[in-house]
Amino acid sequence: MYRFLLAAILAFPSSNIFAQKTDSLFVSNSDAGWHIMHRVHPGETLFSLSRRYHVPPAMLADANGVSYNGDLTGKASMKIPIGAYNQAPVPVNMNEARAVYYRVNGDESLHQIGKRAGVQQYKLQELNHLSDNSIKPGQTLLTGYILYDATELPVVTNSKIPAAANAKNTPVNTTASPKTTVINSQQVASPVAQNDTSKAADTGMSKGERLYLEQTNNGQNVMTEKGPAAFFPMSSGSGVYLAFHNTVPKGTIVRVHNPGNGKDVYVKIIGQLPANKKFYNTVIGISNRARAELGTVEQRLWVELNYAGY
């Protein structure tokens with residue numbers, strides 16, 4: 001009797017651990033790389049999944065063979081790539097991340113698994129409390145954590161996605177200025193300094209900030225997005241920063257936040273991201289004059305975006 005009771009007590013923690021793991025995410029390795037599978041729910045879009053799992057939209061689209069602007073109708077599941085862009089650092093805030101597990105196959109070594117997961121072998125041993133590098137087929141390993149945003153976001157529908165970013169050699173209309181510059185075969189109007197850098201006399205805030213507050217009902221109706229930004233050159237003009245985004249309507253003012261130093265700029269959306277390698281795996285393209293105000297000299301920067309939810 002005592003022997004049976006002892007066995008039941010010892011079995012309880014292990015069953016509880018297994019339950020925790022089944023609630024977590026299991027990764028797979030294939031031609032698509034290290035990824036997890038997400039079961040698609042009604043109303044979900046490419047961009048809502050991109051935000052949820054912190055994966056660049058272009059990368060998510062490529063991994064699943066879907067278009068940027070298409071919905072996920074008919075898709076039962078989506079591959080969610082795992083990489084440096086969405087791996088959470090340890091120690092991890094579990095309110096913003098999910099545990100990721102891998103089940104050992106065949107004669108895989110801990111070193112091989114760590115290489116695919118982008119985690120050093122000794123870190124895998126620490127995460128799994130292993131005294132050495134011995135593992136066996138079927139064993140479940142904690143390989144790390146991925147960033148995860150559980151916030152329920154408004155659904156982006158096709159009716160809110162602007163038309164394709166004007167075919168090659170077709171100008172993008174804007175009323176900012178008659179002066180233009182060409183960016184990757186797209187003609188983009190240059191801003192006028194005296195209009196765009198003006199301050200609201202009664203508030204002391206920039207015109208961009210004032211328009212942002214008007215569009216977002218003083219910050220009450222805001223969409224949030226995180227991901228890489230790429231900077232593009234402009235040959236003339238100064239003042240308000242212009243930007244490309246695939247789903248935010250033209251004319252929208254977006255607050256761009258650099259989480260590394262807390263600096264912000266306000267940008268005006270003038271169209272969709274051009275389809276070339278400069279903007280691959282980015283969520284926004286920003287005129288390069290914003291780099292100084294954002295406190296960076298790099299051509300790419302991880303940013304947080306806020307804009308009107310509409």
Side-chain angles (χ1 to χ4, degrees), residues 47 50-51 54-59 68 85 161-162 164-166 171-177 179-193 195-198 205-213 215-216 222-308:
F47 290 95
S50 172
R51 294 185 181 101
H54 296 258
V55 180
M59 182 176 291
Y68 245 57
Y85 41 82
I161 296 175
N166 305 308
V172 176
N173 294 326
T174 177
T175 58
S177 168
K179 297 181 180 180
T180 61
T181 186
V182 176
I183 302 171
N184 302 306
S185 300
Q186 286 187 313
Q187 192 179 34
V188 179
S190 301
V192 179
N195 291 335
D196 297 328
T197 58
S198 62
M205 65 179 66
S206 69
K207 181 180 179 181
E209 183 178 3
R210 178 170 57 80
L211 290 174
Y212 168 81
L213 291 175
Q215 291 180 2
T216 61
V222 174
M223 292 276 285
T224 299
E225 186 175 4
K226 301 177 184 178
F231 297 94
F232 60 85
M234 295 197 71
S235 60
S236 62
S238 61
V240 73
Y241 306 115
L242 304 183
F244 297 114
H245 193 286
N246 277 336
T247 60
V248 177
K250 292 179 184 179
T252 300
I253 303 299
V254 176
R255 181 170 64 188
V256 181
H257 175 71
N258 180 355
N261 57 23
K263 294 185 176 182
D264 297 333
V265 298
Y266 293 87
V267 302
K268 181 179 180 180
I269 301 301
I270 57 174
Q272 290 188 322
L273 289 162
N276 61 61
K277 63 182 181 180
K278 174 182 282 291
F279 300 101
Y280 182 70
N281 286 344
T282 62
V283 296
I284 192 169
I286 306 172
S287 55
N288 60 9
R289 290 183 187 82
R291 289 191 299 167
E293 194 168 339
L294 285 169
T296 183
V297 296
E298 303 296 333
Q299 289 296 324
R300 289 197 171 209
L301 177 69
W302 185 270
V303 295
E304 297 177 2
L305 309 179
N306 297 112
Y307 47 86

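Keep in mind that what you see is a predicted model, and the values were worked out from it rather than measured.
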For the CZ atom of F232 and the CG atom of N288, what is their distance to the nearest 0.5 Å?
8.0 Å
Sequence neighbours excluded, the answer for side-chain contact (heavy atoms from CB on, under 4.5 Å) partners of N258 is N261, L294, L301
For I253 and Y212, the nearest pair of non-hydrogen atoms, with its separation, is O-CD1, 3.6 Å
Scanning both residues in full, the closest heavy-atom pair of G285 with L273 reads N-CD2, 3.3 Å
Looking at every heavy atom in both K278 and A230, which two are closest together, and how far apart are they?
O-CB, 3.5 Å
Steps toward side-chain contact (heavy atoms from CB on, under 4.5 Å) verdict (E209, R255):
CA-CA 8 Å; E209 183 178 3; R255 181 170 64 188; over 6 Å; no
List for me each residue that meets ring-ring contact (aromatic ring centres under 6.0 Å, His included) alongside F231, sequence neighbours excluded, and say none if there are none.
none
Could you pull out all residues at least two apart from H257 that satisfy side chain to side chain donor-acceptor pair (under 3.5 Å)?
D264
Test side-chain contact (heavy atoms from CB on, under 4.5 Å) applied to L305 - qualifying residues, sequence neighbours left out:
E225, H245, V254, V256, V283, I284, V303, Y307
Show the nearest heavy-atom pair for residues P249 and T252, with the distance to one decimal.
O-OG1, 2.9 Å
Using the side chain to side chain donor-acceptor pair (under 3.5 Å) criterion, which residues pair with E293? Sequence neighbours excluded.
Y241
Check the pair F279, Q272 against side-chain contact (heavy atoms from CB on, under 4.5 Å), reporting the backbone distance first and the verdict last.
CA-CA 11 Å; F279 300 101; Q272 290 188 322; over 6 Å; no
Ignoring hydrogens, what is the shortest heavy-atom contact between E304 and K226? Give both atom names and the distance.
CG-CG, 3.8 Å
T216 side chain to A308 backbone, donor-acceptor under 3.5 Å:
no
Side chain R291, main chain V297, donor-acceptor under 3.5 Å:
yes
Can you see which heavy atom on A229 is nearest to which on T282, and at what distance?
C-CG2, 4.4 Å
Taking the side chain from R51 and the backbone from G227, do they hold a donor-acceptor pair closer than 3.5 Å?
no
If only atom types and distance count, is the side chain of T296 paired as donor or acceptor with the main-chain N or O of E298 below 3.5 Å?
yes
